[in-house]
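Everything on this sheet refers to the single structure shown next.
When a residue number appears, it is its place in the shown sequence, counting from 1.
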Amino acid sequence: MSKEPNKAFASQADLEEKKVSFTRLSANAYAYTAEGDPNTGIIIGDDAVMVIDTQATPVMAQDVIRRIREVTDKPIKYVVLSHYHAVRVLGASAYQPQHIIASRDTYDLIVERGEADKASEIGRFPRLFQAVESVPEGMTWPTMTFTGRMSVWLGKLEVQLIQLGRGHTKGDTVAWLPEQKILFSGDLVEFDATPYAGDAYFKDWPQTLDNIAALQPVALVPGRGAALTTPEQVAAGLAGTRSFVSDVYAAVQAGVAAGQDLNAVYKSVYAQLKPKYGHWVIFDHCMPFDVTRCYDEVTQYADPRVWTAERDRQMWETLEG
């Protein structure tokens, strides 16, 4: 199998700036996307604005704010965290929101592993943490948490925040506009981008995607990739994410059943998936983390282990060195 020797760690070799799009999905809903970099969702209600996922630093968030200000002068009152990952939450302070909302599961994950995740992600993805010095000390703490679901009313516009099941993390939250059938999925759904599954629940994720499909969204803003603006595109995004997660799980299960160790399983799974998914954004970054987590889940760890900057490097050296 031809593979370039000693790949640069994670996404440290990824230095190319991405083109940003600001896509209007309805009078109330916009998607801030950047060619496979992490997306931000925007909901404009009667009296306030809600932002879903913040960008990685306050300086990067300023570009989101600039685009919001091109379409509305209403105050940004709410920031919603679809999950706890640093690249999604560390820009929150720029919005000066009245409330930062997350699921209780996400809050618990911040308590348990937020500091480790922050150090880990900044090390993996230097380009995604532009002006990292602008990130305040400590964590981005929710000011409101919920379990299962809650509604936030932006005047007469209802936004439902829902936990539809575990997948990308145990705390995953979607934002749903029931009247318009527009969904903001966070990293539960990706489009032409490789799902990062280092903190995932592989067994649960396909059912969670089925729960998204059951809402019958007519448009969907994925965690990465272009906004999906038709039911057909939504179905394609769900199907692509589901097939990747299922293919990794099936390939890892087969390797474990054959008695292979993690290293052998990784090389086999990589070879099996590269022809189908190798063109997706961050494929080489995600695969070592994804296969390691899946191997853990199949063998002995029901819940994801904490990634630290040191564990990242050790894992990468073992599988890619």
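- In terms of heavy-atom proximity, Ser93 sits nearest to Pro136 at OG-CG, 3.5 Å.
- Contact check for Thr54 versus Leu81: side-chain heavy atoms found under the 4.5 Å cut-off.
- The aromatic ring centroids of Tyr277 and Trp280 lie less than 6.0 Å from each other.
- Here the closest non-hydrogen pair linking Pro178 and Gln160 is CG-NE2, 3.7 Å.
- Tested against Tyr201, the residues Gln207, Arg166, His168 include a single side-chain contact (heavy atoms from CB on, under 4.5 Å) partner, Arg166.
- Counting heavy atoms from C-beta outward, Thr292 and Trp307 have side chains that approach closer than 4.5 Å.
- In the model, Thr169 has a side-chain atom that pairs as donor or acceptor with a side-chain atom of Asp172 under 3.5 Å.
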Could you walk me through whether Arg311 and Asp296 pass the salt bridge (Lys or Arg N to Asp or Glu O under 4.0 Å) test, one step at a time? CA-CA 14 Å; Arg311 183 181 170 220; Asp296 273 3; 3.7 Å; yes
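- Annotation: Phe202 is not in aromatic contact with Tyr295 [ring centroid separation under 6.0 Å not met].
- Between Phe289 and His285, the angle of the ring planes lies from 30° to 60°, which puts this pair in the tilted group.
- Contact check for Asp63 versus Gln55: no side-chain heavy atoms found under the 4.5 Å cut-off.
- Contact of the Thr140 side chain with the Tyr84 side chain is not registered, since no non-hydrogen atoms from C-beta on lie closer than 4.5 Å.
- Side-chain atoms of Ser268 and Gln272 form a donor-acceptor pair, as typed in the model, at a separation below 3.5 Å.
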Starting from the C-alpha separation in whole Å, work towards a yes-or-no answer on salt bridge (Lys or Arg N to Asp or Glu O under 4.0 Å) for Glu317 and Arg313. CA-CA 6 Å; Glu317 188 56 39; Arg313 291 283 186 176; over 6 Å; no
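- A salt bridge links Arg66 with Glu70: at least one charged nitrogen is closer than 4.0 Å to a carboxylate oxygen.
- With respect to Arg127 and Asp37, a salt bridge is recorded, a charged nitrogen being found less than 4.0 Å from a carboxylate O.
- With respect to the salt-bridge test (charged N to carboxylate O, under 4.0 angstrom), the residues Lys170 and Asp108 do not qualify.
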Verify side-chain contact (heavy atoms from CB on, under 4.5 Å) between Met287 and Tyr266, making sure each step is shown before the conclusion. CA-CA 8 Å; Met287 283 300 288; Tyr266 174 67; 4.0 Å; yes
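- No donor-acceptor contact under 3.5 angstrom links the side chains of Asp187 and His85, judged on distance only.
- Residues Thr229 and Gln233 bring a donor and an acceptor atom of their side chains to less than 3.5 Å of each other.
- A heavy-atom distance below 4.5 Å is not found between the side chains of Ile100 and Tyr95.
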Go through the steps for Val159 and Tyr78 under the test side-chain contact (heavy atoms from CB on, under 4.5 Å), then give the verdict. CA-CA 11 Å; Val159 184; Tyr78 302 100; over 6 Å; no
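- Residues Asp284 and Tyr270 bring a donor and an acceptor atom of their side chains to less than 3.5 Å of each other.
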